[in-house]
Structures are given as structure tokens and as C-alpha cells.
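Hydrogens, waters and symmetry mates are skipped; everything else that's a heavy atom, side chains included, is used.
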Amino acid sequence: MTKLTLGALLGGVLVLAGCSAAPTPPVVESSPPSEMPQPLNIRKFEQDPCALLPQVTEVFNAVRNRSTAGATIPACVWNDSKNSSLTIGFVAVPGGLAAAYQNGSSTGYFETAPPIGGYPAAFTNVVDNRSEGGCQIAVSVQAEEAFTSSVVLRPRSPSYGDPCAVAVNAAAAVVATLRASS
């Protein structure tokens, strides 16, 4: 897997999701993400990231997907009937989320989130579009590797007012898949 910074992945995920917005000042919380439990094996999903979410219809009501496996950022993008999108992608995080936390000022926002299935997580993106139907959460599943769950919801989406709930639910489903396969 190509080693990228968290900021580089986040920019790439925004391009994949087709979202653009002006950067906003970063928001940094006062405590770093929690420690990571047993690392999860992601290797078999790096070239088939769409396999990470076999329950996508329950989590997101997707009608189609496309994979960017083999690209710089292994990711899968699902769309629903309203053309909202959910993207799950992998990223190398040198030093883990705690190091990314210390460098949080290089992103649009970086806020610690409650752990996802016991794994440290942070809401983070190069732009803060949460009030416009967008949200992204990064979940550390290995010492220096994470995945992101990113949503861009259209105003017609019933979850438009709380896009982070969709991103968190998808992230929890991915952790369950990774646990079952480890």
C-alpha cells in the first residue's frame, strides 16, 4: 500500500466523493484518540475495498458502487438512489491517530470521536462540510493504518441533518467485517 498522509487521503476521498467546499479553520479537541486494541488485518481488503461492507444496503441503502482498488487510495464508493455517496478507503497514518492529532492543524477539522468497536477514531477532513451533508471519520485499525468512512449526502437524504451518524454506522459495520475476517 502506498504510504500517504491522513491529509492526502482526505483530499483524495473528497475528489472520489465529488465534493468541494472552501477550507475552514481547523478545530482541535483537547485530548488525543484512545489506544488501539488488537490490530485488524486489512490486507485482503486493500484490493477489494467494496468487500468491507457486505451489509451496505442496511447501512446506506446503496444501489451501485465502484471500486478504486489499485489506485493510490484503495477505496470503494457507493451511491444511493438520491446520488448521495459513502466512501470507505484506506490510509497510512505514520505514528497513528495520536500523531495525526498532533498535526491536526493541517486539516479542515480533526476532533476525537468515541471509539468505533473499541478502535480509536477521529472526525477529520480537509474541509468542514458537516452542516452541508458531509462527514468523515477515520478509524485506526493498525498501529499506522486506518480506514475512513466518508459520506456526502444530498439535501433530499433523510440523514442530511446528521451525516456523521451515517459515517459512524458504516465505520462500525466495517470494523465488524474486519473482526470477523481477522
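In this structure, S84 and F60 have side chains that are in contact, with non-hydrogen atoms separated by less than 4.5 Å. In this structure, the side chains of S85 and V77 come closer than 4.5 Å at one or more pairs of heavy atoms.
Side-chain atoms of E111 do not come within 3.5 Å of backbone N or O of A122 as any donor-acceptor pair. Judged purely by atom type and a 3.5 angstrom limit, Y109 has no side-chain atom pairing as donor or acceptor with the backbone of N129. Side-chain atoms of E144 never come within 3.5 Å of backbone atoms of A92 as a donor-acceptor pair (strictly under, hydrogens ignored).
We find the CZ-NZ distance between R154 and K82 to be 12.5 Å, quoted to the nearest 0.5 Å. Separation of atoms CG (L53) and OG (S149) is listed at 8.0 Å; rounding is to 0.5 Å. Here R43 contributes atom CZ and Q142 contributes atom CD; the two are 5.0 Å apart, rounded to the nearest 0.5 Å.
Minimum heavy-atom separation, S159 to L153: O-CD1, 3.4 Å. In terms of heavy-atom proximity, A146 sits nearest to S140 at CB-CA, 3.9 Å. The two residues A62 and T57 make their nearest non-hydrogen contact at O-CG2, 3.9 Å. Heavy-atom minimum distance, V139 versus A121: CG2-CB, 4.1 Å. What you find for F123 and C135 is that their closest heavy atoms are CD2-SG, 3.7 Å.
Considering only residues two or more places apart in sequence or on other chains, S181 meets the side-chain contact (heavy atoms from CB on, under 4.5 Å) condition with K44, F45. Looking at residues two or more places apart in sequence or on another chain, you find a side-chain contact (heavy atoms from CB on, under 4.5 Å) between N65 and C50, C76, W78.
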Side-chain donor-acceptor pairs under 3.5 Å in residues 162-180, sequence neighbours left out?
from : atom 1 : to   : atom 2 : distance (Å)
N169 : ND2    : A165 : O      : 3.3
T177 : OG1    : L52  : O      : 3.0
T177 : OG1    : A173 : O      : 3.1
R179 : NH1    : G117 : O      : 3.3
R179 : NH2    : G117 : O      : 2.3

